[in-house]
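Please read these numbers as outputs of a predicted model, since none were measured by experiment. When reading the values below, keep in mind they use all heavy atoms of this one structure, side chains included, and skip hydrogens, waters and symmetry mates. Each chain gets a letter, A, B and so on, in the order the sequences are listed, and its residues count up from 1.
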Number of protein chains: 2
Amino acid sequence: MGKQMTEMLKGTLEGVVLAVLAERPAYGYEITAWLRDQGFSDIAEGTIYALLVRIEQRRLVDVEKVPSEKGPPRKVYSLNPQGREYLEEFWRTWSFLSERIEQLRKGGR
Amino acid sequence: MGKQMTEMLKGTLEGVVLAVLAERPAYGYEITAWLRDQGFSDIAEGTIYALLVRIEQRRLVDVEKVPSEKGPPRKVYSLNPQGREYLEEFWRTWSFLSERIEQLRKGGR
DNA sequence: TACCGGTACATAGCAACACTGAATACCACC
DNA sequence: GGTGGTATTCAGTGTTGCTATGTACCGGTA
């Protein structure tokens, strides 16, 4: 979508992926496809995989390798308790920021 | 506020400052103080000044030096037509992203 | 005079993140 | 054997906000 979107995704994309995983476990390729479906047409695959590696290293998710019928084995990620806590923190941060920005849009101050 | 906020500000802080300037011209120190007032307690001064330099170089704002009663001269920034256009683009990007994130929060998919 | 604090701006170095581009691997089908 | 969809990985790049520090102007005060 452009440079603005790229910059805006920093910090929020992680929350988006965690929120997706909060609903049900998923693997990288699947998440990428879902995001494209949602209109995030230009999110690079590499971006998602790198993000998954990061949240795995921070112990926010559990990982399970599952054989695929067509292709190499999938790495299925599921949110663990620590991840859910982190996600809540994300929602708090998001609320704070988005409320203030919406205020600004309504010509506030 | 923490690392999450720092990352989330990337891409949005610029829009916030442009939105402030859309209401009325302002200078860096003033903007920093206003942001702190709004609860962005830990936005560094240097961050704002660097941001202002960037948007000036991209010709999104006009600058005027105004003598101050107490301290060095102020650099007063005002949004120009190009900046307003860029701000509209920001709002479009913001809307797209925030709508999808709100959707996610409501347990969507 | 000397010093402090508030005002006001600037900048070098750092860390984090998303993107680009390419590579690898597995499988089915023609 | 080649193509295309599935699935993951990684090195290199650019942008951004933060840290820390420095500079400069001014009024008050001891």
Mind listing the N/O atom pairs, protein and nucleotides 7-15 of chain D, below 3.5 Å?
from	atom 1	to	atom 2	distance (Å)
D/dA7	OP1	A/Ser68	OG	2.8
D/dA7	OP1	A/Arg74	NE	2.4
D/dA7	OP1	A/Arg74	NH2	2.4
D/dA7	OP2	A/Tyr27	OH	3.1
D/dT8	OP1	A/Lys75	N	2.7
D/dT8	OP2	A/Gly28	N	3.4
D/dT8	OP2	A/Tyr29	N	2.8
D/dT8	OP2	A/Tyr49	OH	2.7
D/dT9	OP1	A/Lys75	NZ	3.3
D/dG14	N2	A/Lys10	NZ	3.2
D/dT15	O2	A/Lys10	NZ	2.7

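Summarising the geometry, atom CG belonging to A/Leu79 is positioned 11.0 Å from atom CD belonging to A/Glu23; distances are rounded to the nearest 0.5 Å. Taking OH of A/Tyr29 as the reference point, atom OG1 of A/Thr32 lies at 8.5 Å (rounded to 0.5 Å). Summarising the geometry, atom CH2 belonging to B/Trp91 is positioned 5.5 Å from atom CG belonging to A/Leu104; distances are rounded to the nearest 0.5 Å. One distance of note links CD1 of B/Ile31 with CG of B/Leu52; it measures 5.0 Å at 0.5 Å rounding.
Heavy atoms from other residues, nucleotides or ligands lying under 6.0 Å from CD of B/Glu102 number more than 12.
Looking at heavy-atom distances under 4.0 Å, B/Leu52 makes no contact with the nucleic acid at all.
In this pair, B/Trp94 and A/Trp94 present their aromatic rings parallel. The plane angle is below 30°, not in the 30 to 60° band.
Between the B/Arg100 side chain and the A/Gln38 main chain, a donor and an acceptor come within less than 3.5 Å of each other.
The nucleotide range of DNA chain C contacted by chain A, defined by atoms under 4.0 angstrom from heavy atoms of the protein and reported 5' to 3', is C/dC17 to C/dC27.
Rounded to an integer number of Å, the gap from CZ of A/Arg36 to P of D/dT6 is 12 Å.
Electrostatic pairing of A/Arg74 and A/Glu30 does not count as a salt bridge here, judged by no charged N lying under 4.0 Å from a carboxylate O.
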